[in-house]
Number of protein chains: 2
Amino acid sequence: MAARKDGPSLWERLERPTPTPRQTLSPRRIAATAVAVADAEGLDAITMRRLATELGVAPMAAYRYVSGKDDLLELMVDHVYAELELPSGTAGWRETLREIALSTRRLMLRHLWLAQLPAGATLALTPNRTAVSERSLAALAEQGVDPDTAMAVAATVSSYTGGMTGAEIAMRQVMAGQGWSDEEEVYTSLAPQLTYLLDTGRYPAFKRYIFEGRRKKDPDWQFETGLEYVLDGIAARMTSSPPMSPRDDAVRREDETGRQDRHETEGS
Amino acid sequence: MAARKDGPSLWERLERPTPTPRQTLSPRRIAATAVAVADAEGLDAITMRRLATELGVAPMAAYRYVSGKDDLLELMVDHVYAELELPSGTAGWRETLREIALSTRRLMLRHLWLAQLPAGATLALTPNRTAVSERSLAALAEQGVDPDTAMAVAATVSSYTGGMTGAEIAMRQVMAGQGWSDEEEVYTSLAPQLTYLLDTGRYPAFKRYIFEGRRKKDPDWQFETGLEYVLDGIAARMTSSPPMSPRDDAVRREDETGRQDRHETEGS
DNA sequence: TCATCTTGTATACAACGTATCAGTAGTAGA
DNA sequence: TCTACTACTGATACGTTGTATACAAGATGA
């Protein structure tokens with residue numbers, strides 16, 4: 001502490017690892033690194049300190065770019081939503097919404113930690129997430145659907161998608177933690193909690209599904225079945241009540257919208 | 001440290017506050033207390049220490065009853081699901097599923113922290129949560145729906161319900177944090193984040209909703225509209241493909257099922 | 001050359017979840 | 001009535017976490 005104001009000696013200077021090329025950090029790099037860690041080890045591995053070591057930087061360094069951990073999580077969400085491939089644009093509303101739903105599910109399965117986020121964080125209004133909503137709303141507006149209905153429809157599909165996929169991921173992780181195989185010895189190697197529940201006899205219909213369900217191991221079928229229900233229900237209303245003010249001039253062309261020229265956080 | 005083995009003196013004994021009536025704790029009391037705190041101050045207020053002081057007990061005391069904080073959260077979830085009023089049983093599947101969805105939404109709005117839980121915890125298989133699934137599955141089985149389809153239907157509705165209500169709660173909290181009033185000065189007092197997004201011009205359909213949406217402040221309408229879509233879509237499939245093996249003997253009566261004689265965590 | 005801005009670093013702290021162990025009130029045998 | 005036992009609660013402590021604050025070193029512009 002004595003030689004503080006004298007500056008470092010020559011030897012100290014020589015020993016200093018690298019003259020730290022400035023600007024080693026950026027929101028992009030931070031997001032990409034955090035996402036890589038979360039993909040590999042789950043959301044619990046995301047720690048400001050862990051992130052710092054992964055970036056090769058002091059624990060507090062990232063705070064120049066994110067105001068705190070919540071910010072970091074938002075950044076991560078936006079970063080991965082840039083991956084989501086949006087349908088090209090000429091298909092009808094139904095095909096558009098369907099493809100967005102399937103893409104979203106694939107995205108969540110690729111980044112399981114998305115399902116571990118508190119419900120609020122998943123819904124944060126980040127640029128790339130908003131682009132997805134925009135695509136859905138635009139497809140509906142093009143059909144002449146009024147804004148309120150369009151939002152209700154889009155919210156319905158995306159709620160279904162998020163909820164269903166979240167449940168699928170939770171189930172997967174329980175099964176992985178339990179070391180289940182792929183076959184039908186479900187009951188014998190059941191999680192103790194579940195065994196207890198079923199044996200109370202209070203859940204016969206649930207039990208029947210566990211024993212007799214054939215599609216238990218087919219999450220694709222489950223997801224797509226439910227998705228068709230939802231889309232069918234929407235379609236019924238769309239055709240029964242004729243579209244209001246089709247080609248309203250307030251409906252912008254969406255060629256100019258969407259994802260080209262995206263926000264900072266992009267690519268991977 | 002000297003008089004350790006002599007035991008407390010008479011005066012010490014007299015001074016001891018209460019001779020601690022045994023069994024001050026129980027899972028019920030723990031759950032009820034934790035729920036009360038979370039209801040009043042949000043999930044972040046739930047701390048093992050805070051819980052302990054609220055119970056008037058040492059920080060580690062609760063660990064005799066829950067193995068850790070995750071356990072505590074599960075206990076809380078189960079505790080509040082005991083509140084959920086299940087439909088009485090004679091209505092058709094559609095009315096049953098509809099009422100369960102509405103009840104679930106009301107429950108979540110009463111306990112906003114349910115939406116803050118990581119997606120996995122909300123789906124934990126607790127007795128009272130399973131009772132809700134059971135009720136849906138039973139209503140469908142009674143109609144002769146096979147177990148796989150019944151589960152797909154039930155999962156669809158509950159995914160929709162959880163996702164939609166979670167989004168509603170997140171929105172509410174953003175609005176509350178921003179101090180919005182009830183009227184149409186939406187854009188001027190908009191959250192800065194949202195203002196920025198809209199001004200990029202990349203989200204015209206989204207922007208149109210913000211400016212022209214009439215039902216923005218009507219979450220009941222939004223929820224029920226989407227719910228009808230979902231139920232309509234299910235109904236279409238149910239009638240088009242005739243039920244298989246109606247009154248199959250594997251379909252138990254559900255008079256005996258459901259929620260009477262519930263698990264430990266009950267009431268409030 | 002010097003002041004200023006930017007960017008990463010060092011240190012520190014309060015709060016958290018929880019392991020461990022000690023104490024103590026009730027119960028059961030003698 | 002005494003003693004041993006058991007079930008429960010309390011105290012203490014440790015490692016980790018998010019983050020406030022103050023500082024230093026490279027970059028920049030006069």
Side-chain angles (χ1 to χ4, degrees), chain A residues 1 3-10 12-30 33-34 37-38 41-76 118 121, chain B residues 1-10 12-27 29-30 33-34 37-38 41-76 118 121:
Chain A
M1 283 300 185
R4 175 70 69 75
K5 259 293 155 51
D6 302 330
S9 77
L10 171 59
E12 283 175 337
R13 281 179 174 281
L14 278 181
E15 203 147 359
R16 202 136 34 209
T18 56
T20 35
R22 241 63 238 289
Q23 189 73 357
T24 59
L25 257 38
S26 74
R28 272 270 279 286
R29 197 160 96 80
I30 290 174
T33 306
V37 170
E41 304 178 40
L43 202 57
D44 292 344
I46 297 291
T47 289
M48 296 309 281
R49 293 166 150 86
R50 171 68 190 278
L51 176 63
T53 58
E54 215 72 31
L55 289 163
V57 118
M60 291 300 293
Y63 280 90
R64 292 278 168 205
Y65 299 88
V66 295
S67 72
K69 198 181 183 182
D70 291 348
D71 243 43
L72 174 66
L73 293 178
E74 261 194 49
L75 201 62
M76 291 170 64
Chain B
M1 284 297 186
R4 174 70 70 75
K5 259 296 156 50
D6 303 331
S9 76
L10 172 60
E12 282 175 339
R13 280 178 176 279
L14 278 182
E15 203 146 1
R16 200 131 42 202
T18 58
T20 33
R22 240 61 236 289
Q23 189 76 357
T24 57
L25 257 39
S26 72
R29 196 159 97 80
I30 290 174
T33 306
V37 170
E41 304 178 38
L43 203 57
D44 293 344
I46 296 293
T47 289
M48 296 308 282
R49 291 168 215 270
R50 171 68 190 280
L51 177 62
T53 58
E54 215 71 32
L55 289 163
V57 120
M60 292 299 292
Y63 280 90
R64 292 278 160 191
Y65 299 88
V66 295
S67 72
K69 198 182 184 181
D70 291 347
D71 242 44
L72 174 65
L73 293 177
E74 262 193 47
L75 202 61
M76 291 170 64

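Chain letters run A, B, ... following the sequence lines, proteins first, then strands; residues in each count from 1.
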Which whole-number value in Å describes the distance from [X] [atom1] to [N] [atom2]?
X	N	atom1	atom2	value
A:Ile46	D:dT16	CD1	P	18 Å
A:Asp44	C:dG17	CG	C1'	13 Å
A:Leu51	D:dT16	CG	C1'	16 Å
A:Asp71	D:dT19	CG	P	10 Å
A:Arg64	D:dA20	CZ	P	12 Å
A:Arg49	C:dA10	CZ	C1'	12 Å
A:Tyr65	D:dT19	OH	P	18 Å
B:Leu55	D:dT9	CG	C1'	13 Å

Quick one: pull up CD1 in A:Ile30 and CE in A:Met76 and give me the separation to the nearest 0.5 Å.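 Here the interatomic distance stands at 12.0 Å.
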
Separation between CZ of B:Arg64 and OG of B:Ser26, rounded to the nearest 0.5 Å: 15.5 Å

Residue list, salt bridge (charged side-chain N to carboxylate O under 4.0 Å, His left out) with B:Arg50, at least two apart or on another chain: B:Glu41, B:Glu54

For the side chain of [X], starting at C-beta, report the closest nucleotide among [options].
X	options	value
A:Met60	C:dG17, C:dT11, D:dT9	C:dT11
A:Tyr63	C:dG17, D:dT9, D:dG18	D:dG18
B:Ala58	D:dT17, C:dG8, D:dA11	D:dA11
B:Lys69	C:dG8, D:dG18, C:dT18	C:dT18
B:Thr47	D:dT9, C:dG8, C:dC16	C:dC16

Report yes or no: does A:Arg29 contribute a side-chain atom to a donor-acceptor pair with the main-chain N or O of A:Leu55 at less than 3.5 Å? yes

